[in-house]
Asks: 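First, the structure itself, so that you have it in front of you.
The chains referred to below are lettered A, B, ... by the order of the sequence lines, with proteins before strands, and numbering in each begins at 1.
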Amino acid sequence: MNEFARPRLLIIDGHSMAFRAFFALPADKFVTSGGAHTNAVHGFINMLVSLITQEKPTHIGVAFDAGSHTFRTDEYPEYKGGRDATPEEFKGQVPLLKDVLASMNIKFLDKDMFEADDILATWAAEATANDMEVLVCSGDRDAFQLVNEHVTVLYPVKGVSELKRYTPEAVEEKYGVRPENYPDLAALTGETADNIPGVPGVGPKTAAKWITQFGSLEAILDGADTIKGKVGDNLRAHLDQVRRNRQINRLLTDVDLAIGVLDLGMAPWDREAMNEIFDVLEFRTLRERLFKLMPAGEVEGSAVQTPDIELDVTIFDSEHTVLDWLDAAGPDPVSVVVEGTQTPYGGSAWTVALGSTGDRVGVARLDELSDANTVALRDWLANQQAPKVVHNVKGVWHALNRFSGGIRGVRFDVELGAYLAHPDQRTYGLDVLAERYLFTSLAPTETSGQGEFDLGLEDDSQNQRLALQASAVLKLEALLRTELRERNSLSLIEDLELPLADVLASMEHDGVAIDTQHLRGLEGFFAQEAETAANEAYEAIGRKVNLGSPKQLQEVLFDQLDMPKTRKTKTGYTTDAAALSDLFEKTQHPFLKHLLSYRDVTKLKQTVETLLKSVTPDDRIHTTFQQTVAATGRLSSTDPNLQNIPVRSEMGRRIREAFIVGEGYETLITADYSQIEMRIMAHLSGDDSLIAAFKAGEDLHNYVGSRVFNVSTDEVTPEMRSKVKAMSYGLAYGLTDFGLSKQLKVSVSEARTLMEDYFERFGGVSRYLHEVVEQARVDGYTETILGRRRYLPDLTSDNRQRRENAERVALNAPIQGSAADIIKIAMIRVDKRLREENLESRLLLQIHDELLIEAASGEIEEVEAILREEMSGAMELSVPLSVSVGRGRNWHEAGH
DNA sequence: GGGGGGACGTA
DNA sequence: CGTACGTCCCCCCA
């Protein structure tokens with residue numbers, strides 16, 4: 001909690017990136033109804049959004065060229081000469097781009113006689129002196145000279161959507177010289193784009209060889225006489241040229257700039273100004289994408305009226321102190337709304353708004369806050385005893401992590417509350433909840449000054465929006481608390497989801513350590529395997545096709561090769577793995593075999609590449625656990641999804657080797673529940689035979705097999721075992737005789753017989769499954785062991801397909817949901833024990849029935865004991881909860 | 001660039 | 001005609 005990430009500065013060469021964007025996006029597709037071209041702006045802002053999301057900068061600056069006349073052209077008039085005239089369609093876009101940046105409060109700068117690159121170089125130097133991490137986004141290769149341990153250049157590969165990271169290693173790998181020698185290399189080879197000729201016959205290879213050999217450009221020029229052959233002659237003939245090149249491509253790091261890096265901190269966006277400029281540009285989706293980066297977006301085009309509330313807004317300063325305001329708020333919970341980025345590891349806050357009863361609102365702009373107010377606010381946010389209400393506690397925790405080490409004392413989260421009340425809604429954004437429950441919009445009322453550049457009014461409208469949010473959170477709490485209390489579900493939020501959110505926030509913040517070298521190795525290997533498989537597939541059919549295109553595959557399979565048709569889909573016939581295997585059995589055509597292995601290996605390659613992209617500078621991956629998405633109560637994992645890392649195939653498991661124990665820790669531990677869903681089934685159904693099976697402690701499927709097939713447990717054949725295993729697993733999904741027959745590849749009648757025999761032996765299970773559906777039809781919802789509900793209106797639908805689907809959902813929801821309840825309890829208890837016993841070991845991941853833990857040295861035995869104890873003891877069922885534990889240097893080894 | 005569809009990874 | 005997810009690619013449209 002005390003670990004403060006270093007500030008991260010993102011600086012962008014505005015001209016070069018906008019120009020790249022201009023050529024990357026089709027000009028004729030981005031024209032406003034007024035005829036203005038917008039493709040460069042669109043591409044640039046889109047790139048900016050990606051960079052903000054992925055790189056999580058705390059500071060941003062954009063540099064532009066001031067004009068074509070610079071100190072370089074003074075010295076060398078031909079510099080950048082011979083270029084085509086700037087296209088008309090581009091010229092008008094730079095002012096528009098600047099308008100967008102201004103609305104986002106992103107500073108931009110140009111300086112007479114200097115190029116954007118010199119500004120970037122100066123900023124980078126200043127930032128390094130201030131101990132910042134620096135990202136330089138530029139399409140000019142001269143920027144490579146800035147690269148060092150703390151400065152990375154992002155250079156566009158194609159268009160502006162894909163940027164390559166140039167670290168010192170990457171520069172060296174690509175050019176064979178260290179970043180500080182890149183300008184030496186460029187001086188020798190020349191730069192066509194800048195109209196700078198190099199030494200004839202000297203390309204990057206030769207130049208790099210010389211630089212390595214001589215150590216510096218000066219040494220090469222001094223030792224030019226020793227270089228033999230035609231290139232030696234050429235070099236000697238161009239000594240002055242090379243010297244001048246080197247002078248020209250040296251970026252200045254000491255330009256006197258009006259804006260310093262410390263002024264580049266991310267600031268609140270001006271929503272009104274953004275709306276205005278985006279209206280001009282006619283960007284709909286981009287605007288929404290951008291607003292999603294803000295804590296709670298407002299609703300557009302809503303018919304809901306903005307309420308006419310008299311809000312008593314205080315801006316905290318030396319006269320209006322945080323302490324006084326909090327004193328006046330009394331003992332009631334205070335709502336907290338944070339403006340900032342709420343992502344794990346890179347979160348930051350700009351503004352904090354507090355709301356209390358009586359529509360009192362206090363607004364703290366963190367960068368302007370006095371020391372006394374900062375201390376007061378920080379202490380209050382971190383005070384477990386000071387009651388608070390928020391929307392999305394986990395996001396708020398991340399945003400406030402650097403300011404106050406997160407947030408404590410949260411008594412209610414309206415997002416979690418709304419999720420528990422109606423778990424199948426799509427979104428629980430504060431704006432949506434305000435409409436749904438309060439029938440109000442959170443958009444601020446329009447001010448008379450709209451459209452004018454008036455700082456006072458902008459502030460007012462921002463304050464009003466924050467104030468509306470803060471007061472909405474308090475009102476929503478009252479409503480949702482009542483709703484949950486009436487159905488006896490208050491404990492679900494207070495004792496389960498809220499404490500869990502804290503645990504999850506820590507897990508996301510800590511992240512899991514990654515062996516990137518191992519991943520890169522796998523990436524190369526999978527890439528090669530994919531190419532081999534693809535070539536063999538092409539050979540088998542005598543032509544090239546896009547193996548990733550189901551449409552083209554259908555042409556190959558059903559037209560060219562005339563194979564039998566597979567299962568129908570909405571758009572044709574399926575080419576999924578099951579169907580392809582089927583076809584292979586029938587036709588033995590080698591194309592199918594190679595296609596299947598191509599699919600396998602490209603999927604793995606993609607997984608590896610996605611993981612590599614998610615690794616943060618601490619060499620860890622910080623996923624986000626979604627706590628309000630799955631209708632059953634499970635968690636999900638995004639950005640990246642770490643709950644679907646391959647485990648079934650040999651090659652896939654190699655990916656798990658890249659999830660390693662981090663520095664300062666000794667081992668990874670996995671702990672998972674065995675057959676938790678079947679155990680819950682046994683408990684909920686009360687089926688004596690099934691309960692006996694688990695109490696006996698022998699292999700479940702053998703036991704069930706012996707009962708179903710009427711043999712002794714040692715006479716159960718593997719075929720019998722796999723049949724009842726499929727049946728048991730399928731039970732919790734509402735499986736049908738048809739589905740079972742497909743899975744087992746037996747006739748429907750044989751599947752039906754198996755189900756009948758199964759249900760005859762385990763009558764309690766059969767009875768329970770029928771009861772669940774009937775009860776849900778009466779109540780309109782199902783419930784888990786902890787009373788988590790899922791509403792199923794389709795159970796009474798006239799449409800048979802909808803109804804039967806709802807019935808399967810009704811079977812599954814209490815089982816999957818109760819399993820989710822149990823592991824959530826376990827996580828809270830494990831985390832509590834680890835902290836109470838002052839252990840450094842920590843939870844990293846949850847994969848539905850499995851926990852991944854990073855154990856500190858000397859703590860392994862104790863941690864394993866805690867895991868077994870708290871997971872097994874999470875809930876008292878009529879069958880034991882069995883837990884198996886494994887350990888290893890990586891996730892693969894720790895698995896079992 | 002956005003959205004639908006298909007495919008596929010996990011529990 | 002087996003539940004719950006997230007993410008990738010292709011393709012089509014704008």
Asks: State which residues pass side-chain contact (heavy atoms from CB on, under 4.5 Å) with A/His589; sequence neighbours excluded, sorted by chain then number.
Replies: A/Ala540, A/Ile541, A/Leu561, A/Met563, A/Thr587, A/Phe591, A/Leu592
Asks: A/Asp672 near the nucleic acid: base, sugar-phosphate alone, or nothing, with a heavy-atom cut-off under 4.0 Å?
Replies: nothing
Asks: How do A/Asp737 and A/Ala630 order along DNA chain C: which one's closest nucleotide is nearer the 5' end?
Replies: A/Asp737
Asks: Check the distance between B/dG1's C1' and A/Leu281's CG and give it to me in whole angstrom.
Replies: 15 Å
Asks: Residues of residues 525-532 of chain A with any non-hydrogen atom less than 4.0 angstrom from an atom of DNA chain C: list those, numerically ordered, please.
Replies: none
Asks: What is the distance from NZ of A/Lys745 to C1' of C/dG2, rounded to the nearest Å?
Replies: 17 Å
Asks: Under 4.0 Å between a side-chain nitrogen and a carboxylate oxygen: does that hold for A/Arg788 and A/Glu783?
Replies: no
Asks: Return the value, rounded to whole Å, for the distance between atom CG of A/Leu611 and atom P of C/dG6.
Replies: 17 Å
Asks: Who pairs with A/Glu807 by salt bridge (charged side-chain N to carboxylate O under 4.0 Å, His left out), at least two apart in sequence or on another chain?
Replies: A/Arg777
Asks: How far does the P atom of B/dG5 sit from the matching atom of C/dC1, given to the nearest Å?
Replies: 16 Å
Asks: Using a 4.0 Å heavy-atom cut-off across all strands, classify A/Gln743 as base, sugar-phosphate, or nothing.
Replies: base
Asks: Looking only at the side chains, is there a donor atom on one of A/Arg802 and A/Asn805 sitting less than 3.5 Å from an acceptor on the other?
Replies: no
Asks: CG of A/Leu642 versus C1' of C/dT7: gap in Å, rounded?
Replies: 12 Å
Asks: Take atom NZ of A/Lys613 and atom C1' of C/dC8, then tell me their distance rounded to the nearest Å.
Replies: 10 Å
Asks: With sequence neighbours excluded, what pairs up with A/Val765 under the side-chain contact (heavy atoms from CB on, under 4.5 Å) test?
Replies: A/Met681, A/Ser685, A/Asp687, A/Leu690, A/Leu731, A/Phe759, A/Phe762, A/Leu769
Asks: Applying side-chain hydrogen bond (donor to acceptor under 3.5 Å, both in side chains), which residue pairs with at least one partner in residues 670-684 of chain A are found, sequence neighbours left out?
Replies: A/Thr670-A/His896, A/Asp672-A/Ser884, A/Asp672-A/His896, A/Ser674-A/Ser882, A/His683-A/Ser878
Asks: Any ion pair linking A/Arg656 and A/Glu893 (charged N to carboxylate O, less than 4.0 Å)?
Replies: no
Asks: A/Arg287 has an atom CZ; how far is it from atom P of B/dG1, in whole Å?
Replies: 18 Å
Asks: Could you state the atom-to-atom distance from CG of A/Leu740 to P of C/dT3 in whole Å?
Replies: 14 Å
Asks: When every nucleotide of nucleotides 6-11 of chain B is labelled 5' to 3' by its protein contacts under 4.0 Å (heavy atoms), B for base, S for sugar-phosphate only, - for none, what sequence of letters results?
Replies: SSBBBB
Asks: Which salt bridge (charged side-chain N to carboxylate O under 4.0 Å, His left out) pairs, counting each pair once, include a residue from residues 38-47 of chain A, with sequence neighbours left out?
Replies: none
Asks: Quick check on C/dT3: is either OP1 or OP2 less than 4.0 Å from any side-chain nitrogen or oxygen of A/Arg808?
Replies: yes
Asks: Under 6.0 Å from the CD atom of A/Gln425, do we count more than 12 heavy atoms belonging to anything else shown?
Replies: yes
Asks: Counting only side-chain heavy atoms from C-beta out, which of C/dT3, C/dG6, C/dT7 sits nearest to A/Gln626?
Replies: C/dG6
Asks: Output all residues satisfying side-chain contact (heavy atoms from CB on, under 4.5 Å) with A/Leu843, sequence neighbours left out; order by chain, then residue number.
Replies: A/Val503, A/Met507, A/Met827, A/Val830, A/Asp831, A/Leu851, A/Ile853
Asks: Report yes if a side-chain nitrogen or oxygen of A/Arg790 is closer than 4.0 Å to either non-bridging phosphate oxygen (OP1 or OP2) of C/dA4; otherwise report no.
Replies: yes
Asks: Residues two or more places apart in sequence or in another chain: which of them pass side-chain hydrogen bond (donor to acceptor under 3.5 Å, both in side chains) with A/Asn46?
Replies: A/Arg289
Asks: With heavy atoms under 4.0 Å as the rule, sort A/Gly730 into base, sugar-phosphate or nothing.
Replies: base
Asks: A/Glu609: what forms a side-chain hydrogen bond (donor to acceptor under 3.5 Å, both in side chains) with it, not counting sequence neighbours?
Replies: none
Asks: Enumerate the protein-to-nucleotides 12-14 of chain C contacts in which both atoms are nitrogen or oxygen and the separation is below 3.5 Å.
Replies:
unit_1, atom_1, unit_2, atom_2, d
C/dC12, OP1, A/Lys551, NZ, 3.1

Asks: Tell me every residue that passes side-chain contact (heavy atoms from CB on, under 4.5 Å) with A/Arg800, counting only those two or more places apart in sequence or in another chain.
Replies: A/Arg803, A/Glu804
Asks: Side chain of A/Thr632 only, please: which of C/dC8, C/dC5, C/dA4 is the nearest?
Replies: C/dA4
Asks: Would you indicate what A/Ala631 reaches in the nucleic acid, counting non-hydrogen atoms under 4.0 angstrom: base, sugar-phosphate, or nothing?
Replies: sugar-phosphate
Asks: Base, sugar-phosphate alone, or nothing: which one does A/Thr602 contact when heavy atoms must sit under 4.0 Å apart?
Replies: nothing
Asks: What is the separation between atom NZ on A/Lys605 and atom C1' on C/dC9, rounded to the nearest whole Å?
Replies: 11 Å
